[in-house]
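One-based numbering along the sequence shown.
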Amino acid sequence: MFEKEEREEEMPRDAKIVKALLKSMGVGEYEPRVVHQFLELWYRYVVDVLTDAQVYSEHAGKPAIDTDDIKLAIQTKVNFSFSQPPPREVLLELASNRNKIPLPKSIAGPGISLPPEEDTLISPNYQLALPKRPHQAIEETEEDEEGANPNPSQEQKSDQPQQTPQRVSFPLAAKRPR
């Protein structure tokens with residue numbers, strides 16, 4: 001117990017003030033680094049306010065910073081750094097308007113509810129290229145191959161019908177009829 005009192009005596013005055021503020025707010029237990037974090041925040045805020053006050057003083061053509069410059073710097077910090085929440089009445093009115101709209105009824109079963117497969121953009125699908133083959137053309141070409149020239153000319157190739165592939169697309173997980 002004596003060591004704790006001795007450490008508090010060696011503490012800087014600002015750290016003692018932070019501890020007193022924490023105690024006055026009802027904070028009894030905290031980590032020791034909290035005091036250092038508050039001191040860092042405190043010092044940074046004071047430096048920012050004094051820097052702004054110096055800019056205001058120079059802009060006004062004053063030789064030194066006075067209380068009006070500091071008040072103006074604090075007021076600008078408060079206006080631009082801290083925003084006030086809307087009044088309670090406004091929040092209650094917004095909440096009641098929003099709560100008038102009922103939530104959609106959930107028909108979800110167990111687990112995570114997912115949208116239907118036709119509504120998803122990531123459902124995999126396949127595209128197959130099926131060539132159109134007339135049955136007569138296949139039989140004729142087999143008969144012609146026996147006595148045909150192994151390297152037909154362009155004229156002979158153009159006589160044969162062009163085979164255009166037919167594209168078929170379907171989803172991977174097709175729906176089952178119910």
For Phe80, the rest of its hydrophobic cluster, which grows through side-chain links under 4.5 angstrom: none
Considering only distance and modelled atom types, tabulate donor-acceptor pairs under 3.5 Å from the side chains of residues 93-104, sequence neighbours left out.
unit_1, atom_1, unit_2, atom_2, d
Ser96, OG, Leu92, O, 3.3
Ser96, OG, Glu93, O, 2.9
Asn97, ND2, Glu93, O, 3.4
Asn99, ND2, Ala95, O, 3.1

Could you pull out every donor-acceptor pair under 3.5 Å between side chains of residues 29-37 and any protein atom, sequence neighbours left out?
unit_1, atom_1, unit_2, atom_2, d
Glu31, OE1, Arg33, NE, 2.9
Glu31, OE1, Arg33, NH2, 3.3

Hey, can you pull the donor-acceptor pairs under 3.5 Å for the side chains in residues 38-54, sequence neighbours left out?
unit_1, atom_1, unit_2, atom_2, d
Tyr43, OH, Asp14, OD2, 2.7
Thr51, OG1, Val47, O, 2.7

Which atom pairs, donor and acceptor, lie under 3.5 Å between side-chain atoms of residues 69-76 and protein residues at least two apart or in another chain?
unit_1, atom_1, unit_2, atom_2, d
Asp69, OD1, Lys62, NZ, 3.2
Asp69, OD2, Asp66, N, 3.3
Gln75, NE2, Asn79, OD1, 3.0
Thr76, OG1, Tyr56, OH, 3.4
Thr76, OG1, Leu72, O, 3.2
Thr76, OG1, Ala73, O, 2.8

Partners passing side-chain contact (heavy atoms from CB on, under 4.5 Å) against Pro87 (at least two apart in sequence or in another chain): Glu89, Val90
Inter-residue atom distance Lys16.NZ - Leu21.CG, 0.5 Å rounding: 14.5 Å
